[in-house]
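All values below come from the heavy atoms of this structure, side chains included, with hydrogens, waters and symmetry mates left out.
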Amino acid sequence: MTTDGPTGDRLALRELRMGFGRTLATACSGLLCAGAGWLLSTAVVLIGGPDDCEVPPCHGGPITVVQLLGGILAAVLGTVGTALGTGRATPGSPRRLPLAPVLLVSLAVALLGAARTGGRTHPWLLATAALALAVAAPAAVLARPRLARQRRAYLAALATARRLEAHGVSTVGTVTATETLRPAEDHKVELRLTVRYLTPDGTGHTRRHTGTYPVHDAPRAGSRIAVRYDPRDPATAAVGAPRPDTAPPRDARPPLTAELERLAALHREGSLDATEFERAKAALLDGRG
């Protein structure tokens, strides 16, 4: 059953908040940060001990090495655990808590753990921890409106996706323009597509979509692509995968004349207007130049 409307929004918003289990895990990661600060500061004090020190841990003994390595491991685990615990619920969703204040608080906790080393308190470490907390507080306040906007946009996009899944109408659109946002990496390229699609009454609509595609199967001007739109609001649509019957071949591109004929056919049937046809033809000629 597809969840839509206010109930779906409440469920999605609950996923973006810190639950009891995640709060507890984040607190444990904070304890790891405090332990890391204590272990590292203790190791530094022992390594920098007096020259006449006769205690085995002094100056890099085995125990000191274990404390140093343990402190580094605890620092990595604590920081990563805190960042993950307060991070995104799902890919594409906003973070539960802003990253910069979270890392500053983790640093302050580590400094507090290091402040009590060698049987005495180090005021300068306490002062540094207080400074980190003082910076984290306004950073959290400043990040709150941006995080709220991201949450509203995410919930709106989620509600639209659910509405399209439940009530949308599938059709086939035409790519009228492409823009490369990121160069090809791992045989994939990130593109921003301009897609035009028609509703049954003959009205044309345009939708922009950003996606990552295999280099040899990336959509180009004139490619057909799946579109799902809301019949009550045809301008609201989601762009899907390219149609396999119009995907570029993997090993070679079609002849230029065939591609020009295909664009002309799309123009004649109304999928491309005159301006879009000229733009797609220019992009094709430039790509073959």
Would you check, one step at a time, whether the test side chain to side chain contact (heavy atoms under 4.5 Å, CB included) holds for R163 with D230? CA-CA 8 Å; R163 188 170 70 252; D230 185 350; 2.9 Å; yes
With a 4.5 Å limit on heavy-atom distance, are the side chains of Y154 and T90 in contact? yes
I want to check something: taking the side chain as every heavy atom from C-beta on, are P242 and P219 in contact at a cut-off of under 4.5 Å? yes
Would you say L73 ends up clustered with L32 if hydrophobic residues are merged whenever their side chains have heavy atoms under 4.5 Å apart, either directly or through other cluster members? yes
Scanning both residues in full, the closest heavy-atom pair of T82 with S29 reads OG1-CB, 3.2 Å
Does one hydrophobic cluster hold both L99 and V135, with members joined at side-chain heavy-atom distances below 4.5 Å? no
Report the C-alpha separation of V189 and T180 in whole Å, then their side-chain angles, then the decisive distance to 0.1 Å, and conclude whether the side chain to side chain contact (heavy atoms under 4.5 Å, CB included) test is met. CA-CA 7 Å; V189 60; T180 302; 3.8 Å; yes
Just verifying a value: how many Å separate T212 OG1 and E190 CD, rounded to the nearest 0.5 Å? 4.5 Å
Could you state whether L193 and Y197 fall into the same hydrophobic cluster, counting links through intermediate Ile, Leu, Val, Met, Phe, Trp or Tyr residues with side-chain heavy atoms under 4.5 angstrom apart? yes
Verdict with reasoning, R95 to T86, per side-chain hydrogen bond (donor to acceptor under 3.5 Å, both in side chains): CA-CA 7 Å; R95 291 184 56 85; T86 59; 3.0 Å; yes
Does some side-chain heavy atom of V172 sit less than 4.5 Å from a side-chain heavy atom of I225? no
Does any non-hydrogen side-chain atom of V80 lie less than 4.5 Å from one of V76? yes
Distance in Å, E278 CD paired with T176 OG1, rounded so as to fall on 0.5 Å steps: 13.5 Å
Nearest atoms (heavy-atom pairs only) where P98 meets P101: O-CD, 3.5 Å
T199 and Y229, any side-chain heavy atoms less than 4.5 Å apart: yes
Does R17 form a side chain to side chain contact (heavy atoms under 4.5 Å, CB included) with R22? I'd like the steps, not just the answer. CA-CA 9 Å; R17 292 173 178 169; R22 192 169 293 274; over 6 Å; no
Apply the test side chain to side chain contact (heavy atoms under 4.5 Å, CB included) to residues I72 and L40: give CA-CA distance (whole Å), side-chain angles for both, the deciding distance (0.1 Å), then the verdict. CA-CA 7 Å; I72 294 174; L40 290 174; 3.9 Å; yes
Looking at every non-hydrogen atom in both residues, tell me the closest pair between P94 and L147 and how far apart they are. CB-CD1, 4.2 Å
Please report the interatomic distance CG(L155) to OG(S93), rounded to the nearest 0.5 Å. 10.0 Å
Between R196 and T174, a side-chain donor and acceptor under 3.5 Å: no
May I ask you to decide if R96's main-chain N or O and R151's side chain share a donor-acceptor pair within less than 3.5 Å? yes
For P145 against V141, the heavy-atom pair lying closest together: CD-O, 3.3 Å
Nearest 0.5 Å please: distance from the OG1 atom of T210 over to the CG atom of L181. 5.5 Å
Is it true that W124 and V44 fall in one hydrophobic cluster, defined by side-chain heavy atoms closer than 4.5 Å? no
For R144, does the CZ atom have more than 12 heavy-atom neighbours from other residues, nucleotides or ligands under 6.0 Å away? no
Roughly how far, to the nearest 0.5 Å, is CG of L97 from OG1 of T26? 7.5 Å
Between E179 and L191, is any pair of side-chain heavy atoms under 4.5 Å apart? no
For residues P231 and G168, report the shortest heavy-atom separation together with the two atoms involved. CD-CA, 4.2 Å
Going only through I, L, V, M, F, W and Y residues with side-chain contacts under 4.5 Å, is there a path from L107 to L125? yes
Beyond-backbone contact of L126 with L112, side-chain heavy atoms, under 4.5 angstrom: yes
Taking all non-hydrogen atoms of both residues, which atom of V105 and which atom of A136 are closest, and how far apart? CG2-CB, 4.0 Å
Gap between atom CD of E165 and atom OG1 of T160 - 0.5 Å precision: 12.5 Å
Are V175 and T194 packed together at the side-chain level, in the sense that at least one heavy-atom pair is separated by less than 4.5 angstrom? no
